Every structure is written in structure tokens, then in C-alpha cells.
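Worksheet: the structure to be examined is printed underneath.
When a ligand or atom number is given, it counts from 1 through the structure's own listing order. Predicted model only: the values in this text are computed from it and were never measured. Only heavy atoms go into these numbers, but all of them, side chains included; no hydrogens, no water, no symmetry mates.
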Amino acid sequence: MVFKREDGRKPEELRKPINAKVGIIPNADGSAMYQSGETIAIAAVYGPKEHHPRNQRNPRKGTLRCNYNMLSFSVTDRIRPGPSRRSTEISKITEWALTPVVMLEKYPNMVIDVHIHMIQADAGTRCAGINAAAMALAHAGIPMKNLVSSVAAGKLDKTVVLDLDKHEEDFEEGEGSTDIPITMTPDGEITHIQLDGKITSKQLKEAIEMAKKASKEIYEIQKKALKEVGEK
Ligand code: UDP
């Protein structure tokens with residue numbers, strides 16, 4: 001039996017609305033927003049610039065430094081402002097998801113700062129943040145081998161589904177909820193995957209296939225938003 005989603009979506013359906021906009025912060029070198037349902041991320045890129053502190057410089061290649069932050073009122077229960085274990089982890093994951101496509105070898109001793117703010121959060125924030133950051137990096141004119149697109153696949157009870165919202169992430173009946181955020185290039189090269197929960201290897205393959213199709217959809221939306229503003 002296929003799990004019935006409360007919002008009426010099909011298992012492989014992305015949340016709506018999906019919105020992407022590039023060039024939203026005039027003072028940044030590159031910027032973008034990405035919205036998936038009730039989750040909204042904005043990203044601002046500053047750099048490449050001299051890397052400080054100096055002892056963290058890499059003479060062989062530049063450094064991508066990501067900072068993920070959820071604003072206090074992005075969720076109903078106010079979040080304590082400032083860094084947390086969770087935000088530090090997501091910042092690192094964002095760096096790992098983006099680094100494979102950014103041509104950092106062109107910028108020895110330099111740093112590119114990416115600031116990601118979640119202005120509304122309803123799960124899937126790391127994916128929305130990565131989607132916004134990828135567009136902001138392209139908008140900043142940073143050479144990239146490719147764009148990346150991110151989405152969470154997962155499982156609700158026994159059904160493989162795409163793009164879980166917070167209500168679904170908290171689902172506890174039957175086999176409960178499994179969340180698998182995945183980032184990939186339009187060619188299907190995975191740069192980031194996480195798994196929270198239980199899933200069989202057969203269902204994992206199914207989830208990755210679902211994410212692959214969805215990330216192509218997201219890629220087209222990102223590309224369109226970049227074209228609208230004109231790449232630097
Ligand atoms: N969340 C929250 N308070 C917190 C952390 C998370 O309300 O301090 C909510 C928020 O809606 C977030 C969701 O829980 O999007 C899922 O968080 P998770 O850590 O699984 O990361 P995400 O799915 O957002 O990438």
C-alpha cells in the first residue's frame with residue numbers, strides 16, 4: 001500500500017511553490033534565494049578575497065567557507081540565536097557538497113565566504129541552502145565545473161518519498177520516517193548524501209533515483225534564475 005501524504009502529493013512530487021531568484025543582495029558579490037514549500041533559504045557570497053587568519057591559508061588552492069544559520073523566527077518555536085552544534089555540522093556539510101564543483105585551485109591563499117540564512121524552515125533546509133549557495137557562487141562569477149542541486153529523498157513507513165516536510169520528518173507510525181538529503185550535479189554525480197533512519201538497499205536505490213530526477217528539475221529552475229539575471 002502506498003503511503004498517503006497529508007498534503008496530497010505523490011511520493012515523487014516536490015513541494016510547491018518552488019521559487020529561485022538570483023541577485024537579491026546588492027552588496028554581495030553573488031546572492032540567491034531558493035524556496036521549496038515553506039522552506040526559504042537566502043545565500044550571499046563574498047570573495048574570493050585574502051584569507052584571514054593567515055595561518056589557515058592554503059597555498060595550493062582557495063578555501064570555501066560556508067556559514068549556515070537558521071534565523072530565530074524561522075520556525076514557530078524561537079531558536080536561540082548564534083552557532084549551535086547543528087548549524088556547525090550543516091555548515092561543514094554544505095562546504096563538502098559544494099567544494100567538488102568549485103574550481104578552488106584558481107584561488108591559492110584566498111577564501112570565498114558563503115553565508116546561508118534560513119528565513120523560514122519546514123525541513124529540507126540544508127538542501128535549500130545548498131541550492132541557493134550554488135546559484136550565489138555562479139552569480140559571483142566563481143568558476144565552477146558544474147552546478148549542484150540538492151533535495152531530500154526518504155521513506156514514510158514503507159513508501160519511498162521525495163522532499164519531506166517537517167510534519168513528515170516527525171512521522172513515527174509503522175516504520176516511521178527516514179530522511180536522505182542528497183546533492184548532485186546534473187550529470188548525476190553525488191557530492192553529498194546523508195541518511196537519518198532505516199532503509200533497505202533496494203529502497204535506497206529507489207530513493208536515489210527519485211532524487212536524481214528531482215535534482216534535474218531543480219537544476220532547470222536554478223539555471224533559469226541565473227539566466228534571468230545574466231551571469232557575471
Ligand atoms: N528545526 C527546528 N528547530 C531547530 C532545528 C530544526 O524547529 O532547532 C526544524 C526546522 O523546521 C528544520 C527541521 O526541524 O527544517 C529539520 O531539521 P534537520 O536538522 O533535520 O535539518 P533540515 O531537514 O532542515 O536540513
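For Asn55, the CG atom is densely surrounded, since the number of other residues' heavy atoms within 6.0 Å is greater than 12. Counted within 6.0 Å of CZ on Arg78, heavy atoms from surrounding residues, nucleotides or ligands total more than 12; the atom is thus considered enclosed. Within 6.0 Å of atom CG in Asn27, 12 or fewer heavy atoms from other residues, nucleotides or ligands are found, so the atom counts as exposed in its surroundings. Surrounding CD of Glu6 are at most 12 heavy atoms belonging to other residues, nucleotides or ligands under 6.0 Å away.
Atom 21 (O) of ligand 1 has Arg126 NH2, 2.9 Å as its closest protein atom, hydrogens excluded (heavy atom only). Among protein heavy atoms, atom 24 (O) of ligand 1 sits closest to Thr125 OG1, 2.5 Å. Among all protein heavy atoms, the one lying closest to atom 1 (N) of ligand 1 is Met70 CE, 3.9 Å. With respect to atom 13 (C) of ligand 1, the closest heavy atom belonging to the protein is Lys166 CD, 3.7 Å. The protein atom (non-hydrogen) at minimum distance from atom 16 (C) of ligand 1 is Glu169 OE1, 3.4 Å. Annotation: atom 11 (O) of ligand 1 to nearest protein heavy atom, Ala121 O, 3.2 Å. Protein heavy atom in closest approach to atom 12 (C) of ligand 1: Ala123 N, 3.8 Å.
Residue Leu147 is grouped with residue Ile18 when hydrophobic side chains (ILVMFWY) are merged at heavy-atom distances under 4.5 angstrom, including chains of intermediate members.
Between Arg9 and Asp163, some side-chain heavy-atom pair lies under the 4.5 Å cut-off. At a threshold of 4.5 Å between non-hydrogen side-chain atoms, the residues Lys145 and Thr185 do not count as touching.
Within the listing of ligand 1, atoms 7 (O), 10 (C), 11 (O) sit less than 4.0 angstrom from a heavy atom of Val75.
Around atom 23 (O) of ligand 1, the closest heavy atom drawn from Gly124, Cys127, Ala152 belongs to Gly124.
Contacts between Asp122 and ligand 1, counted as non-hydrogen atom pairs separated by less than 4.0 Å, involve the backbone only. In Arg86, the part holding a heavy atom less than 4.0 Å from any atom of ligand 1 is the side chain.
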For the pair Val148 and Ser150, evaluate side-chain contact (heavy atoms from CB on, under 4.5 Å) and give the outcome as yes or no after the intermediate values.
CA-CA 7 Å; Val148 284; Ser150 191; over 6 Å; no
